[in-house]
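Whatever order the structure lists them in is the order used to number ligands and atoms, beginning at 1.
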Amino acid sequence: MPSNSPREKNAAPPLPEPLRVPVADSHTHLDMQDGTVEEGLAKAASVGVTTVVQVGCDVRGSRWAAETAGRYDAVHATVALHPNEAPRIVHGDPDGWSRQGARQAGGTPALDEALAEIDRLAALPQVKGVGETGLDHFRTGPEGKEAQEASFRAHIEMAKRHGKALVIHDRDAHADVLRVLKEEGAPERTVFHCYSGDAEMAEICAAAGYFMSFAGNVTFKNAQNLRDAVAVAPLELLLVETDAPFLTPVPYRGRPNAPYLIPVTVRAMSAVRGIDEDALATALAANTARAFGY
Ligand SMILES: [Zn+2]
Ligand SMILES: [Zn+2]
């Protein structure tokens, strides 16, 4: 069968060579992936990805993340209203983010009510972070900007009050994200998920002590800015993630992503930095544990 057949294009990529030093997927969405949680975790563990951080994007997805982290030692949760979710709640669009959420009937609570539920979940011991929150100027237009920033500020406050990590989603909004963090005062542990800045911004993040988590797009041909950032970021602030099911690394770009593909991105990062894969994996594992406090 030709390798570019539509069937193969949608198929799950093969298992990569296992990592010798286990690492964590610092940001994933198991509730948006095919297969059961058990299957996803077993597949990941078989290649050395022994821990995952399950990220909530709306109230129901955050409840699910907390429940799942309560059930599996290998899973830690974060809870939040995604930056594109907050304006939706304000404007009464009931379309949730996660599949679990979308299946539920009923109306959408108002932003305050939703934030109160996130706050309640953030207090749970298996919930290690508040996020993903932040700003997304790509998907949310000017009409949603105010609600998005208010929600971001509320999440920062929550992370600080609960002593949890803050997980930032920053899409086309670098300057505004850095400004709001400065205005509010960033929590002690702040993670830029799917880091999308350049080397210059990496210096700013490094000076502030922000963790930078790199996803599969670091392997994309047009992403030299990300490789430049990987090269200059302090080793002790680097994390790796899948953001699965999105951002599948090359050579599987466009096919479904899952935590078991972390080794592909780790190897790309180790090549960029010119350091040994095991040394990088050791640092990534320690950094993720430190960032999320587990
Ligand atoms: Zn995101
Ligand atoms: Zn995400």
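- Distance alone, capped at 3.5 Å, places no donor-acceptor pair between the T28 side chain and the Q54 backbone.
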> Could you go step by step and tell me if H169 and D136 meet the side-chain contact (heavy atoms from CB on, under 4.5 Å) rule?
Replying inline: CA-CA 7 Å; H169 169 105; D136 188 323; 2.8 Å; yes
>> side-chain contact (heavy atoms from CB on, under 4.5 Å) for T51 and D25? Distances and angles first, verdict last.
In response: CA-CA 6 Å; T51 307; D25 179 349; over 6 Å; no
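- Distances from the Zn ion (ligand 1) to each N, O or S atom of E132 single out OE1 as the nearest.
- When the Zn ion (ligand 2) is compared with the N/O/S atoms of D243, atom OD1 turns out nearest.
- Cation-pi contact between K43 and Y260: present, with separation from the ring centre below 6.0 Å and deviation from the ring axis of at most 45°.
- The Zn ion (ligand 2) is closest to atom NE2 of H29 (considering only N, O or S atoms).
- At least one N/O/S atom of H27, from backbone or side chain, sits under 2.8 Å from the Zn ion (ligand 2).
- One finds an angle of 130° at the Zn ion (ligand 1) between NE2 on H193 and ND1 on H169, to the nearest 10 degrees.
- Using a distance-only test at 3.5 Å, with no hydrogens or angles considered, a donor-acceptor pair links the side chain of R273 to the main chain of A233.
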